[in-house]
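Here the structure is laid out as structure tokens; the discussion comes afterwards.
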Amino acid sequence: MANNLNDKLDSGQVIKSVHDNDLNALRVSVVSGQAGGNGDVVVAIDASEDSIAIGDGVKLTTITTVSGKNGLDVNVITPNLDIRDLEFATDKVDVSGSSVLVTDAEDVTNVYNEILSVASGVLSNIASFTATQNTKLKQVDVSGENIATYEVLINGNIVSKKRTYFGGPLDNSFFFDKGITFLAGQQVLVRVIHNRPSTANFNANIILIEG
């Protein structure tokens, strides 16, 4: 903005010429295309000569070159993120897709059995296990040739029941995530009943952790 004043200015005229009363600030004029102008500004950073401080200006991020490419170095401070830092005594790893989580310290017992030519309407035992020490029931898998109703019992009490239906799979599974504990001398039993006119074969697998 031109000041429209004569070349000879006194101090009061100088202040009035450059002061913006609305903004309470000094006016500054720049010319586009010149230093400090309104033209586009392109900032080009050369990793070999320039650096950008990230953080408090004291602890600066460093750069590492790998295969001709520069990358910022990052320190991961979250504990136990690196699988190489796992501790056997305190850490556990779940295998993706698994239903039963077991550590190396746990002894897994699998009890499998099958029964043949089960008649209609007859409640039949498929598989059983009697504990010799404190034991946890973790999972039971069942299947058969006919649709049926399956029961899981501990010490004579039903703890879970499942059915298979027409149009669906003829197998099923019982999952006990934290395990059901039963004592030495107590029994886990899997039994089945079906109402189809033809006889059928059935099988069961009991998964336990002893001790």
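Since this is a predicted model, take the numbers as computed values, not measurements.
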Item to complete: Quick one: closest heavy-atom pair of Ala200 and Asn146, and the distance?
Response: CB-ND2, 3.3 Å

Practice prompt. Any chance you could measure Ile209, atom CD1, to Ile207, atom CD1, to the nearest 0.5 Å?
Written response: 9.5 Å

Worksheet item: Does Asp177 offer a backbone N or O that forms a donor-acceptor pair with the side chain of Lys138 under 3.5 Å?
Response: yes

Discussion item. Does any part of the side chain of Val192, heavy atoms only, come nearer than 4.5 Å to the side chain of Tyr150, both counted from C-beta?
Written reply: yes

Discussion item. As an exercise, state the distance from OG of Ser143 to CG of Asn172, rounded to the nearest 0.5 Å.
Written reply: 10.0 Å

Worksheet item: Considering all heavy atoms of both residues, which atom of Phe176 and which atom of Val152 are nearest to each other, and what is their separation?
Response: CZ-CG1, 4.5 Å

Worksheet entry | Stepwise side-chain contact (heavy atoms from CB on, under 4.5 Å) test for Tyr112 and Asn205 | CA-CA 4 Å; Tyr112 174 83; Asn205 185 52; 3.7 Å; yes

Fill in: Atom pair CD1/NZ of Ile180 and Lys136 - distance to nearest 0.5 Å
11.0 Å

Worksheet, complete the sentence: dist Phe175:CZ -> Asp141:CG (nearest 0.5 Å) comes out at 6.5 Å

Check: residues 127-134 side-chain donor-acceptor pairs under 3.5 Å, at least two apart:
none

Practice prompt. Mind listing the closest non-hydrogen atom pair of Ile115 and Ser124 along with its distance?
Written response: CD1-CB, 3.8 Å

Discussion item. Can you confirm whether Asn113 sits close enough to Val111 that some side-chain heavy atom of one is under 4.5 Å from a side-chain heavy atom of the other?
Written reply: no

Worksheet entry | Residue pair Val118 / Phe202: nearest heavy atoms and the distance that separates them | CG2-CD1, 3.8 Å

Worksheet item: Under 4.5 Å between any side-chain heavy atoms of Val142 and Phe174, yes or no?
Response: yes

For residues 155-164, which side-chain donor-acceptor pairs fall under 3.5 Å, sequence neighbours excluded?
from   : atom 1 : to     : atom 2 : distance (Å)
Lys162 : NZ     : Ser173 : O      : 2.4
Thr164 : OG1    : Ala148 : N      : 2.9
Thr164 : OG1    : Ala148 : O      : 3.4

Discussion item. Tell me the closest heavy-atom pair linking Phe166 and Arg196, and the distance in Å.
Written reply: CZ-NH1, 3.4 Å

Discussion item. Between Ile154 and Val190, is there shared hydrophobic-cluster membership here, with clusters defined by ILVMFWY side-chain heavy atoms closer than 4.5 Å?
Written reply: yes

Worksheet item: Between CD of Glu151 and CG of Asn125, what distance do you get to the nearest 0.5 Å?
Response: 10.0 Å

Fill in: Interatomic spacing from NE2 in His194 to CG in Leu170 - rounded to 0.5 Å
12.0 Å

